[in-house]
Number of protein chains: 2
Amino acid sequence: MVDLPQLPEDPSKLAREPLREQIRQVLVEGLLSGRWKPGERIVERRVATELKVSQAPVREALRELETLRLIETVPNKGARVRAFGVQDMAEIYPVRAGLELVAAQLAADTLAGDPTPLEREVEALQAATARGDVAEQIRHSVEFHREVVRAADNSVLMHTWESLGVEVWTALSVRWLDMELHAKAVDHAQIAEAFRNRDPEVGQMLSDHVLNYVEAAMRSTEKTP
Amino acid sequence: MVDLPQLPEDPSKLAREPLREQIRQVLVEGLLSGRWKPGERIVERRVATELKVSQAPVREALRELETLRLIETVPNKGARVRAFGVQDMAEIYPVRAGLELVAAQLAADTLAGDPTPLEREVEALQAATARGDVAEQIRHSVEFHREVVRAADNSVLMHTWESLGVEVWTALSVRWLDMELHAKAVDHAQIAEAFRNRDPEVGQMLSDHVLNYVEAAMRSTEKTP
DNA sequence: GTAGTCTCGACTGTCGGCAATATCCACACA
DNA sequence: TGTGTGGATATTGCCGACAGTCGAGACTAC
């Protein structure tokens with residue numbers, strides 16, 4: 001789910017990208033911006049008319065959101081925005097940690113040979129943290145992890161990791177849970193360093209680091225179930 | 001009103017399942033049975049007429065097959081059956097191993113308390129092996145692993161694991177790679193035993209066991225790329 | 001003979017409409 | 001008051017049709 005370079009297209013006929021992709025983008029943004037709230041229904045035809053399209057591409061877009069577990073659909077009943085809580089974080093992050101543990105092992109050699117992608121993200125993350133730019137912090141933090149997974153050079157692993165919808169869920173957790181983004185930059189720098197030094201513990205470090213997000217979420221909401 | 005306890009399926013008119021599900025089933029079976037071969041195109045309309053349905057549900061079914069990586073689609077070009085080789089196994093199984101490692105840790109307590117689901121599958125697997133019933137061997141072998149994941153009680157983990165399409169790919173590897181199903185029953189029995197005894201090594205055992213499948217595939221095809 | 005262009009057929013992506021299904025509410029009945 | 005029944009309404013699931021796109025092959029120019 002890399003952000004497209006968003007080419008400055010003619011607003012009238014910008015249909016160069018499959019319609020369903022655009023719709024998916026709109027829906028995701030709607031969810032992130034709070035346009036739709038948790039538990040709320042998403043009516044296919046309503047969205048369709050709103051976007052001046054037909055029902056079909058909207059359906060397909062919704063199916064994709066379903067695989068990201070952003071919405072839930074029941075046959076003949078339709079789709080609704082998933083209620084979201086710490087519980088979800090607690091389920092997602094162990095899986096992420098497991099995947100990234102594998103990734104770290106597979107990517108160890110590659111990243112020891114050329115750790116520049118990681119270092120680039122660490123720098124950008126530090127800069128964003130200094131500026132207090134939350135959106136950029138999320139972006140580069142996620143991108144750091146994506147680089148590790150990418151370096152593992154395993155398309156199934158990449159695909160599976162992406163299917164967790166990391167940036168969307170991170171953004172949501174910040175929005176709905178007010179999750180604190182504490183000094184993650186430090187963690188990341190240490191991990192990059194460990195990769196460079198072929199530290200055999202790097203996998204565990206990365207895994208633990210991911211699991212820390214859950215604690216952050218837990219801590220920031222001692223009440224939300 | 002509470003959710004009804006899943007009334008026992010009317011055998012006569014079970015056409016109550018969404019059409020797209022039935023179509024997906026037909027397509028998967030078609031792939032497993034060799035009705036479509038690797039690299040071959042799958043034309044939406046052709047399938048639709050063949051099954052006496054419209055194009056729409058076929059499209060939706062194809063999308064699901066795409067998330068299982070059974071087919072590949074290119075915009076405006078359509079879907080084709082993925083070419084399949086040892087390479088795919090080599091990519092899938094490390095991911096599976098990582099997920100099941102997590103699962104084993106999360107499920108350890110539950111399964112130590114009640115290992116009967118595992119033991120049931122081990123027995124069934126042994127029986128099937130004795131009979132030489134390959135289909136049943138696959139079924140119970142997969143079901144064993146699914147029980148572990150299920151016991152972890154983490155819906156994201158379950159969902160992610162399922163998205164690997166374990167039984168389909170296992171069946172395919174047997175069909176296309178003539179993968180040998182050697183005495184897996186023994187492994188499974190040992191793992192079940194380890195769970196019962198709260199062996200802290202059980203996660204690693206399970207993970208190694210999964211990775212063994214790759215070696216089996218490798219060994220059985222020293223030629224297929 | 002080769003490179004470029006045109007045309008044609010096949011197929012996907014999208015549309016608007018219709019039937020099937022779920023939900024809601026008023027109303028009758030015990 | 002609580003419970004069942006019938007119909008009205010909102011929405012999904014599916015259909016048949018059409019426009020846009022892609023690729024193969026014929027045709028032309030050199």
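Reminder, nothing fancy here: chain letters follow the sequence lines and each chain counts from 1. None of the values given here were measured: they were computed from a predicted structure.
A salt bridge links R35(A) to E50(A): one of the charged nitrogens lies within less than 4.0 Å of a carboxylate oxygen. Between R59(A) and E60(B) there is a salt bridge, since at least one side-chain N of the basic residue sits less than 4.0 Å from a carboxylate O of the acidic one.
Relative ring orientation between F144(A) and H188(A) is described as parallel, the plane-to-plane angle staying below 30° on a 0-90° scale split at 30° and 60°.
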- Message: With salt bridge (charged side-chain N to carboxylate O under 4.0 Å, His left out) as the criterion, how do R80(B) and E40(B) come out once you've worked through the C-alpha distance, each side chain's angles and the decisive distance to 0.1 Å?
- Response: CA-CA 5 Å; R80(B) 46 190 3 144; E40(B) 190 171 345; over 6 Å; no
- With side chain to side chain contact (heavy atoms under 4.5 Å, CB included) as the test, would you mind laying out the steps for V142(A) and T170(A) before giving the verdict? CA-CA 8 Å; V142(A) 171; T170(A) 307; 4.2 Å; yes
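Between the P atom of dA19(D) and the CG atom of L19(A) lies a distance of 17 Å, rounded to the nearest Å. As rounded to whole Å, 12 Å separates atom P of dG13(C) from atom NZ of K77(B).
Within a 6.0 Å sphere centred on CD of E119(B), other residues, nucleotides and ligands contribute more than 12 heavy atoms.
Only R41(A), I42(A), V43(A), E44(A), R45(A), R46(A), listed by number, bring a heavy atom of residues 38-53 of chain A to less than 4.0 angstrom from any atom of DNA chain D. A heavy-atom distance below 4.0 Å to DNA chain D is reached by these residues of residues 55-66 of chain A, ordered by number: Q55(A), R59(A).
Between the side chains of S207(A) and Y93(A), no donor-acceptor pair of N or O atoms lies under 3.5 Å.
For the pair T73(A) and A79(A), the tightest heavy-atom approach, listed with the atom from each and the gap, is CG2-CB, 3.6 Å.
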